[in-house]
Amino acid sequence: MKDLTLIVDLKDHIGKSVRMGGWVYHLRSSGKLRFLVLRDGTGYVQAVISKKDVPEEVWTLAETLTYESSVVLEGTAVEDPRSPGSVELQLKGLELIHLSPEYPIQPKEHGTEFLMDHRHLWLRSKRQTAILRVRDEICKSIRDFYYDRGFTLIDSPILTPTSCEGASTLFEVKYFDELAYLTQSGQLYIEPACMALGKVYCFGPTFRAEKSKTRRHLTEFWMVEPEVAFADLEDLLVLAQDFVAYIVGRVLERRKEELKHLERDLSKLERITTPFIRMTYEEAADFLLRPENQARMKEAEAPLFTRGNDFGGFDETLLTQDAERPVMVTHYPADIKAFYMQPDEQDPSKAKCVDMLAPEGYGEIIGGSQRIHDHDLLLQRIQKCGLPVEPLQWYLDIRKYGSVPHSGFGMGIERCVAWICGLPHVRETIPYARMLNRLNP
RNA sequence: UCCGGCGUAGCUCAAUGGUAGAGCAAGUGGCUGUUAACCACGAGGUUGGGGGUUCGAGCCCCUCCGCCGGAGCCA
C-alpha cells in the first residue's frame with residue numbers, strides 16, 4: 001500500500017490529505033465528537049472525527065470501532081496544540097480492515113503472569129516496543145563494534161555433542177539415534193576460528209537448563225562472545241570496557257526517546273566512560289569482609305560471603321551499588337573458575353579472568369578470561385576437573401598446532417538490555433522469554 | 001531441589017470466623033476538544049482443587065496445583 005503515510009512522517013504533510021494504516025490504540029467519545037489514537041509502529045497520532053464533517057456511514061462505522069481494530073484512515077493533517085503530539089488528523093474517511101473483539105490488555109496495571117500469558121499482544125505496548133528498539137540498537141551496535149575493529153562473525157553450532165564445561169545443566173534433544181545438547185556457549189568453537197582469523201566473535205542463542213527463578217535468569221538467552229589471538233588479560237579488559245562503553249554511547253545517541261519513555265535516569269548512563277573500575281578478587285573480598293558489609297548481608301538475610309568462594313547476588317550488589325562505572329573483578333581463585341582459564345604467572349592459584357559487574361546492582365554482565373594455550377597444562381586441567389578427554393581432543397588440538405596466547409569473554413544480551421533500560425527483570429528484554437515456568441507463547 | 005510470599009468478577013484489588021464489594025474493561029443511554037475523559041443505569045462469582053475444624057470458613061488446619069523471587073548455579 002504505497003500511498004499510506006507513516007505517522008513519523010505526518011509532520012511533513014500539514015494541510016494535506018493523507019491515508020494512514022494502523023491499529024486503534026485508544027478511543028474516546030464525546031457525543032458528536034470522537035477521538036481515535038492510531039498507532040502504526042512508527043508512532044502515535046490522534047484522529048478527530050466530527051459528526052457534522054463526515055458522511056453518516058463513516059460516523060456509524062466509527063461508533064463500532066474497538067481497541068486494536070485495524071483501520072485505514074483518510075483525513076487532513078493539521079497542527080493543533082490541544083492534540084497530544086500537536087499534529088492530528090481530521091478524519092474524512094474510514095476503512096475498517098479488521099474488527100477486534102474485546103482486547104485483553106487495558107491501559108492500566110496488570111499482573112506479571114497475565115501479561116506474560118499475553119506476551120504476543122503485550123508486545124504492542126509503548127513500553128515493550130521501546131525496550132525492543134533498545135535491544136535492537138544494542139544488537140546492531142555490537143555487530144558494528146566488532147565489524148569496525150576487524151573481527152569476523154563466526155556462527156557457532158547450536159546442537160552440540162556433549163557438555164564441554166561440565167557443571168551447567170544442558171537441554172537434551174534427540175539427534176537421530178543419539179543424544180545431542182543445546183549449546184551453552186560458543187567459546188570452544190570460536191577458539192579454533194580465532195586461530196584461523198585472528199579476531200572473531202559469535203553472537204547467538206544460548207541454553208541453560210538450570211532451575212533458576214530469579215530476575216536475572218532465562219533458560220534461553222543471547223550471548224556475544226569475542227575471542228582474540230595474541231591477547232592477554234590486560235588486552236581483554238581494555239576490549240571489554242571499550243565495548244560496553246560503545247554500546248551505551250550508541251543507545252544514548254540513537255534511542256534517547258525510548259530510554260526517556262522507560263523513565264531511565266540518563267545521567268547514570270552518561271557516566272559510563274572508560275576506564276572502568278578495576279579490582280582483584282582479593283580486594284573485592286577485603287571489601288565484602290568489612291564488618292559493616294557483613295552486617296548488611298545479615299540484615300538482608302543474604303548468605304555471608306567467605307573468602308575463596310564466588311560472589312552471590314547480594315555481594316555483587318554491594319560491590320557495585322555506589323559505583324558510577326562498571327566494576328571489573330579480576331584474578332578469581334582458579335579452582336572456582338572454568339578449567340580453560342590461564343593461571344596467573346605470579347600466583348598460579350589465581351586465574352587470569354574477569355567478571356564485569358554492571359552498576360546499580362545489575363550484577364554480572366560479562367565473564368571472560370585469558371585461555372590456557374599450553375597443551376599439557378590444559379590436558380592436566382581437564383583431567384583434574386574430571387572431564388572426559390576424548391570429546392575435547394579437537395579442542396586440545398588448537399594447542400598442538402601453532403598455539404598462541406588468546407583471550408575472550410561472553411556478554412549476556414538480556415542482562416545488558418535490562419541494565420541499560422533500567423528494568424527490574426530480564427523477562428521483558430527478549431521478545432519471548434523462556435524461563436523455568438514459561439515456554440508459552 | 002530448598003526457603004519465603006501470593007491465589008476473590010475478564011483485569012487490578014478490598015472484605016474482625018457472621019448477607020462476597022469497589023475501580024477499570026465489556027453492554028445501554030448522555031455529552032463538540034478528549035488526554036488512562038466524564039456522568040447515569042444494568043449485568044458480571046464453584047473466593048485455584050480436594051479434605052478437615054466450626055452452629056457458621058474467602059478468612060483457621062492438612063494436602064495438591066499454579067504463580068512470584070530468593071538461595072544454589074550462572075551471563
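As a basis for the values below, the full set of heavy atoms in this structure was taken, side chains included, without hydrogen atoms, waters or symmetry mates.
In this structure, the nucleotide among C67(B), C74(B), A75(B) sitting nearest to the side chain of E113(A) is C67(B). Comparing A75(B), G33(B), G72(B) by their nearest atom to the side chain of R415(A) picks out A75(B). Listed candidates were U34(B), G70(B), C11(B). Nearest to the side chain of R215(A) is G70(B). Relative to the side chain of R28(A), the nucleotides C11(B), G33(B), U34(B) differ in distance, and U34(B) lies closest. Taking only side-chain atoms of E88(A), from C-beta outward, the nucleotide of U32(B), G33(B), A75(B) with the closest atom is G33(B). In the set C73(B), G33(B), C68(B), G33(B) carries the atom at the smallest distance from any side-chain atom of S83(A).
Within the nucleic acid shown, L218(A) comes within 4.0 Å of at least one base atom, counting heavy atoms only. Contacts of G363(A) with the nucleic acid, taken as non-hydrogen atoms under 4.0 Å apart, are absent. Within 4.0 Å of H217(A), counting heavy atoms only, lies at least one base atom of the nucleic acid. Counting any heavy atom pair closer than 4.0 Å across all strands shown, R438(A) reaches no nucleic acid atom.
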Can you give the dot-bracket line for RNA chain B, where a pair is Watson-Crick or G-U wobble with both atom distances under 3.5 Å, crossing pairs use [ ], and | marks a partner on another strand?
-> (((((((..((((....[..))))..((((.......))))......(((((..]....))))))))))))....

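When the salt bridge (Lys or Arg N to Asp or Glu O under 4.0 Å) test is applied to D53(A), no partner is found at least two apart in sequence or on another chain.
A distance below 6.0 Å separates the ring centres of Y146(A) and F243(A).
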Interface polar pairs with nucleotides 28-31 of chain B, N/O, under 3.5 angstrom:
{"from": "C31(B)", "atom 1": "N3", "to": "G31(A)", "atom 2": "N", "distance (Å)": "3.2"}
{"from": "C31(B)", "atom 1": "N4", "to": "S29(A)", "atom 2": "OG", "distance (Å)": "3.1"}
{"from": "C31(B)", "atom 1": "N4", "to": "G31(A)", "atom 2": "N", "distance (Å)": "3.4"}

Between the protein and nucleotides 24-27 of chain B, which nitrogen or oxygen pairs are less than 3.5 angstrom apart?
{"from": "C24(B)", "atom 1": "O2'", "to": "Q106(A)", "atom 2": "OE1", "distance (Å)": "3.3"}
{"from": "A25(B)", "atom 1": "O4'", "to": "Q106(A)", "atom 2": "OE1", "distance (Å)": "3.1"}
{"from": "A25(B)", "atom 1": "O2'", "to": "E102(A)", "atom 2": "OE2", "distance (Å)": "3.2"}
{"from": "A26(B)", "atom 1": "O4'", "to": "E102(A)", "atom 2": "OE2", "distance (Å)": "3.4"}

Give me the distances for all protein-to-nucleotides 1-6 of chain B N/O pairs that come in under 3.5 Å?
{"from": "U1(B)", "atom 1": "O4", "to": "K211(A)", "atom 2": "O", "distance (Å)": "3.2"}

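With centres under 5.5 Å and a plane angle under 30°, the ring of F221(A) is stacked against the base of A75(B).
Between the CZ atom of F114(A) and the C1' atom of G7(B) there is a distance of 16 Å, given to the nearest Å. As rounded to whole Å, 16 Å separates atom P of A75(B) from atom CZ of F203(A).
Using a 4.0 Å cutoff on non-hydrogen atoms, the parts of residues 303-310 of chain A near RNA chain B are P303(A), ordered by number.
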Could you walk me through whether F305(A) and F314(A) pass ring pair (Phe, Tyr, Trp, His ring centres under 6.0 Å), step by step?
-> CA-CA 9 Å; F305(A) 170 78; F314(A) 191 73; over 10 Å; no

